[in-house]
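Chain letters run A, B, ... following the sequence lines, proteins first, then strands; residues in each count from 1. Nothing here was measured: the structure is a model prediction, and the numbers come from that model.
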Amino acid sequence: MSKKITKFAIDTLLKKGADKAECWYIVEKNDELNIHNEDIDLFRTKKNIKLKLEAIKDNKKGEITLNEVNKENIKKQAKNLIDIALSSKEDPAHDISSEKERKTFKRGPESPDYDLMFENMDHFIKAVKNDFPKINVEKAIYAFNNIEKTYHNSNNVFLKSNRYYYNFTTMFLAEDNEKSSSFNYISTAINDPKQNLLNQAELKTLLSQSIDHLNPKPVPEKFVGDIIITPHALQSLIRFITSYLRDSAIITKRSIYKDKINEKIASDKFNLHSAPLSEKLAYNYFITSDGFIAKDLQIIENGVLKSFLLSLYGANKTNHKRSLNQGGNFIIEPGDKNLEQIINNTEKGIILRRFSGGNPSDSGDFSGIAKNSFYIENGEIKHPLKETMISGNLASMLKDIKAISKERINFGSSIFPWISTSNFTISSK
Amino acid sequence: MKLYNLEKFRKNFKEYTELRVQENNSLSISLLQGDVSKNQKSSSSGVSTRVFKNGYWGFASDPIINKDSINKTIKDATKNSEFLTEKKGKKNIILPSRPGEIYKNFSTDKKRINQKQLIEFLKEVDNYIVKNCPKVSSRSLRISNLNMEKSIITSDGSKAYVFRPRSLVIISLTTEISNEPVSLYEVYGGFGEFEDNFNNPKKVFSKVDKLYSDLMDKAEGVYPEAGVHECILDADLAGILAHEAIGHTTEADMVRNGSIAGNNLNKKVASELITLTDYANTYNGDLCPVPVFIDDEGIKAEDAVIIKDGILKGFMHNKESADYFDVAPTGNARAYQYYDEPLIRMRNTAINPGKSKLEDMISSIDDGYYLMKPSNGQADSTSEFMFGIIKGYKIKNGKIDKAIRETTISGIAFDVLKSVSMVSDDMSWTSAGMCGKKQIIPVGMGGPAVKCKINIGGK
């Protein structure tokens, strides 16, 4: 079915005058149970279809996405698309995939078990009420996702993937009389619906810490110290760092890493992979957004930058190599210290559980609030923090890494350890 | 999309039911260093039904819009709600009702501009930048249009059609000083189609001149001194403060889940100079950036007064929260895509203007900052907030001094609002951003300039 649609779309685009054409046909279905107000009160079924058509004519490119997928509309939109492409500026960097293999991929359980999903959610909310009575679960969503993606282009490249996985997201806070804590959350992808949701991504610890955060205190004084970045906080910080390696930052030469390939940009303890094929991850991808089979990639090896995250367009534009994948599914290798040892070795600093801040500047400077975080002094966790700001520089943060933990958290889409680094300015109001 | 006659499906409603047919059309064109790096159109349409039976919601959607698919979503949504009833038993909740009928089409009457002309528009502005902004090392320009079109009927008698457009031009300029990049961007436009908001690229040139001049100031700027300072938050910052830090804590679902606002109803939470309202559709006789006349639950929308003269007076509601808190619904339930369920969302959240003149506010500060443009913002259930600042100036001895580089401000919103000592007599709206809460959605924010004490991150 999907092949008939994509073949018709490609043939139509070529007939309408495209020199090169490619398309994505994506069928998404997800079923989700939602908790609001501490009750499973919504069962939602979502269906969506997307047909993304791209055409290159005279080195000019255009793109249309539609979800009314029938021959008549494809013909109509193909004509529009050629007009859109012709309205673009000529850019010889535009091209389409020349992937040699025609391949289909499949991973995950193919159909949802609604009863099991319900039982798991019911157990989750009852256990939270029972074991963490001061916690309010603001929302929880347990979803089964079924995503079929087909890529086809005029170089006769055909790739298809079917991904099935569960994911669980919950947001919560603690409340006691007139006090409320900050909210916290986890989001994790799961292959096996039998897994206890409370055991995901250190959730029990986070619930307990939210209760601690009913009585937060500021840091005693402004100081320059260490931060121990938790795996949860790393999710946003790694996204910031890898944004410097992507097309836009490299093409515009605004990246702090624009000329740093094969140069040391981090402590030699630091190894960062993008591993979409990893069997350890419940949510992954097999086909890159530019139509190639994804391969695992080591981005930083012993502190040395080994690869950007460039698409085919970005590679053509900058004369660098196209990356083996599009990033995401990040895995950081574990270190040689236990988390406890890392805390013990911290003279003065904080454990950063969640970072609420603006995007870093082009130079890598960033600042924001340390949420759900704790103050450390003389190797001991002293108290939860309130109104505490941190500021530092992303490039320095990687160079100043002091230790990486042996322990890691698997979020289903990434695996991160705890990382201790230094030279952050930490202040409370 | 066309105006769908959904009335004929009403006879199939067995329970409380909302039926919605929706199409979102978006367009995005980017010029990066003069090259067209993105030139795309996107359309997403479909039907959804939400059913409330025995106290539980069932929701189903389909991208195909025809008689069979519509009937199937009604059937599937009912089945989904029954799945929960079977597992959990019945709850006795009767949803409140304030039905209405409305037809609002805000599409342009002007001659349509095609994609090629839109690119020409951006190229003309880009050429102007190349010729007139010699110290710009990198530039990106973007057009981002979104039209949302909905037909809704509900079993309690509402019937609505709305076509609500938004069009934006975003310009980002970068210069280098001592090999370090310094950037500044600005978003222009808002409610309305492109033809209504941008009829001539030459009208954007003066805005480019201002942006370039501000960028040059920023390149020579200083990092602000960390700590608590007397500051003036300009309209855009007052708007984001109203939205992120106060607005979210006063959405009734957040209140019910323990946000700090819940314990403060009818208490003083701000200076008496502060009145804060989530406007449904009209302010002072003019349409707001995101006018909502009937929400996606079919409720006739009304303004939600959140803070009046410093006292917390109310929250924003959907039908279910209005029932829980035993108040009238406000019409804040909105969904982004056809396959999304309505959530309590802000519409046009603003601090009302006061009586002071901006120049008097500036001259009243010996040592502080005039903070003008936020980049992004985040807030918490405690009303603690953080906003990135991309544009601002130091104030010294009552006068505007050097520009500042990027920084961050933070605080507890209710504490900051208590420190407000002056509010300017003018008002401006923006509708540039998307608010995220399970789904994204366009929102409007507005405000005057406010003088307050706030914590600055510095370097």
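Proximity to chain B (any heavy atom under 4.5 Å) is shown, for A:Ser427, by neither the backbone nor the side chain. Looking at B:Ser44, both its backbone and its side chain come within 4.5 Å of chain A, counting heavy atoms on both sides. Looking at B:Ile390, there are no atoms closer than 4.5 Å to chain A (heavy atoms on both sides), in backbone or side chain. Contacts of B:Ser381 with chain A are made by both backbone and side-chain atoms, with heavy-atom separations under 4.5 Å. Contact of B:Leu84 with chain A is made through the side chain alone, with heavy-atom distances under 4.5 Å. Both the backbone and the side chain of A:Glu63 have a heavy atom closer than 4.5 Å to some heavy atom of chain B. If you measure heavy-atom distances from A:Lys139 to chain B, the contacts under 4.5 Å come from the side chain alone. Both the backbone and the side chain of B:Tyr56 have a heavy atom closer than 4.5 Å to some heavy atom of chain A. Both the backbone and the side chain of A:Phe183 come within less than 4.5 Å of a heavy atom in chain B. Using a 4.5 Å cut-off between heavy atoms, B:Asp340 touches chain A through backbone and side chain atoms alike.
Between chain A and the residues B:Asp35, B:Thr382, B:Leu32, the most heavy-atom pairs under 4.5 angstrom are made by B:Asp35. Put simply, of B:Ala379, B:Ser37, B:Ser138, the one with the most heavy-atom pairs under 4.5 Å next to chain A is B:Ser138. Ranked by heavy-atom pairs under 4.5 Å with chain A, the first of B:Gln337, B:Lys87, B:Glu180, B:Glu176 is B:Lys87. Counting heavy-atom pairs closer than 4.5 Å to chain B, the top-ranked of the candidates A:Ala93, A:Ala174, A:Ser181, A:Gly357 is A:Gly357. Counting heavy-atom pairs under 4.5 Å between each of A:Asp115, A:Asp122, A:Ile251 and chain B puts A:Asp115 at the top. Heavy-atom pairs under 4.5 Å with chain B peak, among A:Ser361, A:Gly368, A:Gly62, A:Ser356, at A:Ser356. Listed options A:Lys253, A:Glu38, A:His36, A:Arg254 were ranked by heavy-atom pairs under 4.5 angstrom with chain B; first place goes to A:Arg254. Comparing A:Leu173, A:Asp91, A:Leu81 by heavy-atom pairs within less than 4.5 Å of chain B, the highest count is held by A:Leu173.
Between A:Glu32 and B:Lys438, at least one side-chain N (NZ, or NE/NH1/NH2) sits under 4.0 Å from a carboxylate O, which counts as a salt bridge.
Just one of A:Lys89, A:Lys60, A:Glu90, A:Lys61 meets the side-chain contact (heavy atoms from CB on, under 4.5 Å) condition when paired with B:Val36; it is A:Lys89.
A:Ile64 places none of its side-chain heavy atoms less than 4.5 Å from the side chain of B:Ser42. Contact check for A:Asn34 versus B:Glu341: side-chain heavy atoms found under the 4.5 Å cut-off. No side-chain heavy atom of A:Glu387 sits under 4.5 Å from any side-chain heavy atom of B:Asn455.
Of residues 117-124 of chain B, those residues with a non-hydrogen atom less than 4.5 Å from any non-hydrogen atom of chain A are, in numerical order, B:Ile119, B:Lys123. For residues 39-47 of chain A, a heavy-atom distance under 4.5 Å to chain B picks out A:Asp39, A:Ile40, A:Asp41, A:Leu42, A:Phe43, A:Arg44, A:Thr45, A:Lys46, A:Lys47, given by residue number.
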| Given the rule in the side chain to side chain contact (heavy atoms under 4.5 Å, CB included) test, do A:Glu178 and B:Ile260 qualify, once you have shown the distances and angles that lead to the verdict? | CA-CA 8 Å; A:Glu178 298 213 336; B:Ile260 198 75; over 6 Å; no
| message | Run B:Gln115 and A:Asp83 through side chain to side chain contact (heavy atoms under 4.5 Å, CB included) and show every step you take. | response | CA-CA 8 Å; B:Gln115 204 129 341; A:Asp83 291 341; over 6 Å; no
| request: Test A:Arg354 against B:Asp380 for side chain to side chain contact (heavy atoms under 4.5 Å, CB included), laying out the working first. | output: CA-CA 12 Å; A:Arg354 181 162 72 85; B:Asp380 207 326; 3.4 Å; yes
| said: Evaluate B:Thr408 against A:Phe366 for side chain to side chain contact (heavy atoms under 4.5 Å, CB included), listing each step before the verdict. | reply: CA-CA 9 Å; B:Thr408 310; A:Phe366 73 108; over 6 Å; no
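A donor-acceptor pair under 3.5 Å is absent between the side-chain atoms of B:Lys116 and the main chain of A:Ile84, judged by distance alone. Of the possible donor and acceptor atoms, none in the side chain of B:Ser45 sits under 3.5 Å from a partner among the backbone N and O of A:Glu68.
More than 12 non-hydrogen atoms from other residues, nucleotides or ligands lie less than 6.0 angstrom from NZ of A:Lys258. Other residues, nucleotides and ligands place more than 12 heavy atoms under 6.0 Å from the NZ atom of B:Lys91.
Under the rule for a side-chain contact (heavy atoms from CB on, under 4.5 Å), the partners of A:Pro112 that lie at least two apart in sequence or sit in another chain are A:Asp31, A:Tyr114, A:Met117, A:Phe144, A:Tyr166.
Of all the heavy atoms in B:Asn39 and A:Ser88, the pair that sits closest is ND2-OG, 2.8 Å.
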Donor-acceptor pairs under 3.5 angstrom involving side-chain atoms of residues 251-259 of chain B: please list them, not counting sequence neighbours.
from: B:Glu251; atom 1: OE1; to: B:His248; atom 2: ND1; distance (Å): 3.0
from: B:Glu251; atom 1: OE1; to: B:Lys437; atom 2: NZ; distance (Å): 3.2
from: B:Glu251; atom 1: OE2; to: B:His248; atom 2: ND1; distance (Å): 3.3
from: B:Asp253; atom 1: OD1; to: B:Lys437; atom 2: NZ; distance (Å): 3.2
from: B:Asp253; atom 1: OD2; to: B:Lys437; atom 2: NZ; distance (Å): 2.8
from: B:Asn257; atom 1: ND2; to: A:Glu138; atom 2: O; distance (Å): 3.3
from: B:Asn257; atom 1: ND2; to: B:Asp253; atom 2: O; distance (Å): 2.9
from: B:Ser259; atom 1: OG; to: B:Thr249; atom 2: O; distance (Å): 2.6
from: B:Ser259; atom 1: OG; to: B:Ala261; atom 2: N; distance (Å): 3.4

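Using modelled atom types, one finds a donor on one side chain and an acceptor on the other under 3.5 Å when comparing A:Asn48 with B:Tyr338.
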